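Read through the structure below, which is laid out as structure tokens, and then see the notes.
FYI, side chains are in, hydrogens and waters are out, and symmetry mates aren't considered; it's all heavy atoms of this structure. Everything quoted here is computed from the prediction, not taken from an experiment. Atoms within a ligand are numbered from 1 in the order they appear, just like the ligands themselves.
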Amino acid sequence: MARIKVENVTLHYPIIGAGDRSVKNRLLNFATGGKITRDSGTMVVTGLDRIDLELRDGDRLGLIGHNGAGKSTLLKVLAGIYIPTQGSVDIEGRVVSTLNITLGFEQEATGFENIFLRGRLLGLTTAEIEDKLEEIAEFTELGKYLDLPVRVYSSGMLMRLAFAIMTSLESEILLMDEVIGTGDARFIHKAEARLNEFMNKAKIMVIASHSDDVIREFCNTALLLKNGTPFAQGEIEEVLEIYQSADYQT
Ligand SMILES: Nc1ncnc2c1ncn2[C@@H]1O[C@H](COP(=O)(O)OP(=O)(O)OP(=O)(O)O)[C@@H](O)[C@H]1O
């Protein structure tokens, strides 16, 4: 069984070296992003503000909200990339996230070597990686490039490699932002089928997206954020409607 329990989570980003802001700038910041305040001289952006969340097997949560509402910050907190300033995050289950998936490759190592390096980092044994190696290599269609250092890869080629490794894993909790943005049209089409399979295997999924269609297709519950705070949560169509309402937009 997988489980996510987030209690009263607040996350502050201290902004070192930010200058003073005029009243006009403060007003302009009101509608977008988290709240900006000052804490003993340091500017602080509130990325998340008192979030409570509980997810169990079968939950597919769509995170929605304006630019800077806190969607990516919440994903990063769930992925363990950020530690909350306040509150607690309790996760049971193996987490795989698509955040920054092309980062962290060893530039001088080959594609094949990077499959091993990343596999080990993600907790697989050498034997487990060997079992998956052929299938990963085939899916990337990178052929002889897999014997070359990844520093010579284009961004689309790196994405293919990262995507193929990630989707070969078994995740219990899957955290996703916009994942297959790069890549040519044919690869995206092929990747979609693999992504669907990968998502179906996850017990819990959290997706941040600006697309109502993505939320409708992949999620069964939604959380609407505004300036880092929950504004509405529950049934998808109801939450999407609130997202469009004057109440939320002002
Ligand atoms: N590294 C950072 N340093 C400082 N502030 C940050 C950082 N990352 C995000 N923020 C701030 O936190 C708030 C929430 O940002 P976040 O990226 O989580 O929003 P989002 O809902 O994912 O937005 P978008 O839809 O534009 O991707 C914003 O006010 C943003 O300026």
Taking 4.0 angstrom as the limit and counting only heavy atoms of I15, give me the atoms of ligand 1 inside it, by number and element. 4 (C)

For residues Y145 and T140, is any side-chain donor paired with an opposing acceptor at under 3.5 Å? no

Selected option - heavy-atom contact closest to atom 19 (O) of ligand 1, from G65, G68, A208, G228: G68

If only side-chain N and O atoms count, and only distance matters, is there a donor-acceptor pair under 3.5 Å linking T98 with D177? yes

Enumerated ligand 1 atoms positioned under 4.0 Å from heavy atoms of N67: 23 (O), 24 (P), 25 (O), 26 (O)

Purely on distance, is any nitrogen or oxygen of G47 under 3.5 Å from one on ligand 1? no

Tell me which part of L225 gets within contact of ligand 1: side chain, backbone, both or neither, using heavy atoms under 4.0 Å. neither

Of all the atoms in ligand 1, which lie at a distance below 4.0 Å from a heavy atom belonging to A69? 19 (O), 20 (P), 21 (O)

Considering only heavy atoms, does V45 approach ligand 1 within less than 4.0 Å through its side chain, its backbone, both, or neither? side chain

Between R194 and E135, is there a salt bridge with N-O shorter than 4.0 Å? yes

Residue of the set T229, V89, L225, V77 for which side chain to side chain contact (heavy atoms under 4.5 Å, CB included) holds with I51: L225

Of the backbone atoms (N, CA, C, O) and the side-chain heavy atoms from C-beta on, which set of H210 has a member under 4.0 Å from an atom of ligand 1: side chain, backbone, both, or neither? side chain

salt_bridge(K5, E92) N-O dist < 4.0 Å: no

Within ligand 1, which atoms have a heavy atom of T73 less than 4.0 Å away? 14 (C), 15 (O), 16 (P), 18 (O)

Would E54 and R3 pass as an ion pair if we require N to O under 4.0 Å? yes

Could you pull out, from K76, K226, K71, the option with a heavy atom nearest to atom 20 (P) of ligand 1? K71

Is R94 paired with E170 through a side-chain N to carboxylate O contact shorter than 4.0 Å? no

